[in-house]
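These notes concern the structure reproduced below.
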2 protein chains.
Amino acid sequence: MGVQVPLYQAKAEFFRMLGHPVRIRVLELLADGPTPVRELLAAIEVEPSNLSQQLAVLRRSGIVTAARDGSTVVYALAGGDVAELMRAARRILTEMLAGREELLAELREAEASSAMPR
Amino acid sequence: MGVQVPLYQAKAEFFRMLGHPVRIRVLELLADGPTPVRELLAAIEVEPSNLSQQLAVLRRSGIVTAARDGSTVVYALAGGDVAELMRAARRILTEMLAGREELLAELREAEASSAMPR
DNA sequence: GGTACACTTGCACAGTTCTTCAATTGCGAT
DNA sequence: ATCGCAATTGAAGAACTGTGCAAGTGTACC
């Protein structure tokens, strides 16, 4: 029953895999259904080789699959509730950013009513 | 009012912030309620200065707050349904890890213990 | 004051990830 | 066979992240 490959390690790797703007956009596009690379390239501003590198990361992690169809390659989500994950993340993100805006507003008020900073 | 930092950038930063085993463990411990650093240190095998560095990352991102109470510092989730995010992630991980028995077993244990009162 | 403890910060170095370029593979058409 | 297009791979350097140590801040207690 020993822990051989730590669970926290696996979770962290999963989140790290999501931690790139191009990879996020790809996953959101794939959430609407299987998509050829050509379309991903048209939708995301990125060099083809860079997109391929990011697709390779997603493939290696197992969250997407690739299938060749003639001369194009079509990517799809390997399964799972990716959309649900994104929704949960967006909810937390919204709260986090809202809190930050409030702090910024408070900071501006405090500066206006006290001595000038450096 | 809205800052024009691309949304995908913000999402990627959010996930990258989660992409570290120590930070994951901290968030899961905090999901059970506010916790002093001393307890985090006892539960996670890590050097104090390393834990502090990871706590600083979480603080900077805004997902946790720190409050001094005497000589100890107590951390808490800043809000948001972190537990729900973790649940969605676990569901996807389960599918991705299908076939890797050890990790699946650990995921099931984690599910069981999170459903139990302490 | 001084010592002890809890926690944090600065810093240097090791390790990892990102980006880009050039080279390559696979496929369809000529 | 060769051309052109779609997509991938390999490799190198830049950029970023993680770690541990030493030094720092803040609090309590004598």
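Quick caveat: nothing in here was measured; it's all calculated off a predicted structure. First the proteins, then the strands, lettered A, B, ... as listed; each starts at 1.
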Send over the distance from Glu47(A) CD to dT20(C) P, rounded to a whole Å. 5 Å

Taking atom C1' of dC18(C) as reference, at what distance in whole Å does atom CD of Gln9(B) sit? 12 Å

Can you measure Arg16(A) atom CZ to dC18(C) atom P for me and round it to whole angstrom units? 9 Å

Can you tell me how far C1' of dT20(C) sits from CG of Leu51(A), to the nearest Å? 14 Å

Please state how far atom CG in Leu18(A) lies from atom P in dT17(C), giving the value in whole angstrom units. 14 Å

Look at all strands and tell whether Ser49(B) reaches a base, only sugar-phosphate, or nothing, counting heavy atoms closer than 4.0 Å. base

For Ser61(A) and Met17(A), which heavy atoms make the closest approach, and how far apart are they? OG-CE, 3.4 Å

Can you tell me the distance, in whole Å, between the CZ atom of Phe15(A) and the P atom of dT17(C)? 17 Å

Heavy atoms only, 4.0 Å cut-off, all strands: where does Gln53(A) land among base, sugar-phosphate and nothing? base

Compare all side-chain heavy atoms of Val26(B) with those of Tyr75(B) and state whether any distance is below 4.5 angstrom. no

Here the gap from Arg23(B) atom CZ to Gln53(B) atom CD, rounded to the nearest 0.5 Å, amounts to 10.5 Å

Exercise answer: donor-acceptor pairs, residues 32-48 of chain A side-chain atoms, under 3.5 Å, sequence neighbours excluded:
unit_1, atom_1, unit_2, atom_2, d
Thr35(A), OG1, Gly33(A), O, 2.8

Start and end of chain A contact along DNA chain D [non-hydrogen atoms, under 4.0 Å]: dA6(D) to dA11(D)

At under 4.0 Å, does any side-chain N or O of Ser71(B) touch on OP1 or OP2 of dA6(C)? no

For Gln54(A) and Gly70(A), find the nucleotide of DNA chain C closest to each by heavy atoms; which residue's nucleotide sits nearer the 5' end? Gln54(A)

Taking only side-chain N and O atoms of Arg23(A), does any of them lie within less than 4.0 angstrom of OP1 or OP2 on dC18(C)? yes

Which part of the nucleic acid, if any, lies within contact of Asn50(A), taking any heavy atom under 4.0 Å across all strands shown: a base, the sugar-phosphate backbone alone, or nothing? base

For the residue pair Phe14(B) and Leu85(B), establish whether any side-chain heavy-atom pair is separated by less than 4.5 Å. yes

